[in-house]
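Below is one structure, written out as structure tokens, with a few remarks after it.
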Amino acid sequence: MKNRRDFIKSSMGLAAATLLSQSAFATGLADGLLSAEFRFTLEPLAYPFNALEGAIDALTMEIHHGKHYAAYVNNANDALKAENVQVKSAEALFAQIDKYSAKLRNNAGGAYNHAMFWRLLRPAKADNQPSGALLKAINSSFGSFDKFKEEFAKAATGQFGSGWAWLVVDKGQLKIGGTPNQDNPLMKGVALQGKPILGLDVWEHAYYLNYQNKRADYVKNFWSIVNWDQVAAYYTQAK
């Protein structure tokens, strides 16, 4: 009987210690003292594949999200594991990206850039444009919203080969530029530095089914589906 009582007491103590340990771990995560292993996640679209029709067709969206983006996420996570990368965020990874392989650079960039891209799109709106503090900053930096669109379109159409066009906040200032392949302005050593608040994918897989070689038409139609509320939120965070 004594042994049974001792066993029960011991088991209760072990259970209490386990609960205490789990609680401490959860508290540590909340306080930033511990960090779960960072991995990219495949983010679902917030709209149907056909929601952007008129600017981007449903089949392109389905392939772009379900094949290209999914491959970037899977390959990036494989590389993070294989290279034993210990970081807390994508931003922390990009700040030291030159330490890692081309596979990780390309796929981590692809995973991050695409996740942001999906959030920056929404069904087309008539007279779609920003407002408030963001519009004021655009007008101040580029002269007008129309001039901003012209400069951004130049960056998008002038990007040789595959890449991205960006609007970034750098030291409080708005800047426009491009990056090749899946690079982005958060990566160490990239010519365009800053916090991206608007990005346009100009890889051919983003538009070729509908536009073929007419990248300029794709860029022109992009303005009708920009989610300016999301751009404004990114701008507020980046200031």
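Scope of the values below: all heavy atoms of this structure, side chains included, with no hydrogens, waters or symmetry mates. Remember, it's a predicted structure, so these values are computed and weren't measured experimentally.
To the nearest 0.5 angstrom, Leu52 atom CG is 11.5 Å from Asn221 atom CG. Between the CG atom in Asn107 and the CG atom in Asp78 there is a gap of 9.0 Å [rounded to 0.5 Å]. Taken to the nearest 0.5 Å, the NE2 atom of His205 stands 12.5 Å off from the OH atom of Tyr69. To the nearest 0.5 angstrom, Asp57 atom CG is 12.0 Å from Phe49 atom CZ. How far NZ of Lys195 is from OH of Tyr235: 15.0 Å, rounded to the nearest 0.5 Å.
Within the 3.5 Å criterion, the main-chain N or O of Asn184 finds no donor-acceptor partner in the side chain of Trp164. A donor-acceptor pair is defined here as one N or O able to donate and one able to accept, closer than 3.5 Å; no such pair exists between the side chain of Tyr234 and the backbone of Leu120. Side-chain atoms of Arg215 come within 3.5 Å of backbone atoms of Gln159 as a donor-acceptor pair (strictly under, hydrogens ignored). In this structure a side-chain-to-backbone donor-acceptor pair under 3.5 Å is missing from Tyr218 to Asn210. Within the 3.5 Å criterion, the main-chain N or O of Ala232 finds a donor-acceptor partner in the side chain of Thr236. A donor-acceptor contact shorter than 3.5 Å links the side chain of Glu53 to the backbone of Ala58. Judged by distance alone, the side chain of Asn128 and the main-chain N or O of Val226 form a donor-acceptor pair under 3.5 Å.
The residues Glu37 and Arg39 are annotated as salt-bridged, a charged nitrogen and a carboxylate oxygen being separated by less than 4.0 angstrom. Checked for salt-bridge contact, Lys147 and Glu150 miss the test: no charged N lies under 4.0 Å from a carboxylate O. For the pair Arg122 and Asp229, the salt-bridge criterion is met [side-chain N within less than 4.0 Å of a carboxylate O].
A donor and an acceptor atom, one from each side chain of Asp98 and Gln96, are nowhere located under 3.5 Å apart. No donor-acceptor contact under 3.5 angstrom links the side chains of Gln129 and Trp223, judged on distance only. With 3.5 Å as the limit, one finds no donor-acceptor pair spanning the side chains of Asn213 and Tyr208. For the residue pair Trp166/Thr179, the side-chain donor-acceptor check at 3.5 Å is satisfied. No side-chain donor-acceptor contact under 3.5 Å links Gln173 and Ser141. Using modelled atom types, one finds no donor on one side chain facing an acceptor on the other under 3.5 Å when comparing His68 with His114.
Counting non-hydrogen atoms of neighbouring residues, nucleotides and ligands closer than 6.0 angstrom, the NZ atom of Lys149 exceeds 12 such neighbours. For Lys239, the NZ atom counts as densely surrounded, since its 6.0 Å shell holds more than 12 non-hydrogen atoms of other residues, nucleotides or ligands.
Remark: Ala124 pairs with Ser224, Ile225 by the side chain to side chain contact (heavy atoms under 4.5 Å, CB included) rule, at least two apart or across chains. A search for side chain to side chain donor-acceptor pair (under 3.5 Å) contacts involving Asp170 returns Lys175, not counting sequence neighbours.
When the side chains of ILVMFWY residues are joined at heavy-atom separations under 4.5 Å, either directly or via intervening members, Val87 and Phe94 end up in a single hydrophobic cluster.
Shortest non-hydrogen contact noted between Pro130 and Leu134 is CB-CD2, 3.8 Å. Minimum interatomic distance between Leu200 and Ala156 (heavy atoms only, all atoms of both residues): CD2-CB, 4.1 Å. Shortest non-hydrogen contact noted between Met116 and Leu198 is CE-N, 4.1 Å. Residues Ala76 and Phe40 share a closest heavy-atom pair of CB-CD1, 3.8 Å. Across Thr60 and Tyr207, no two heavy atoms sit closer than the pair CG2-N, 4.4 Å. In this structure, Ala111 and Val73 approach most closely via the heavy-atom pair CB-CG2, 3.9 Å.
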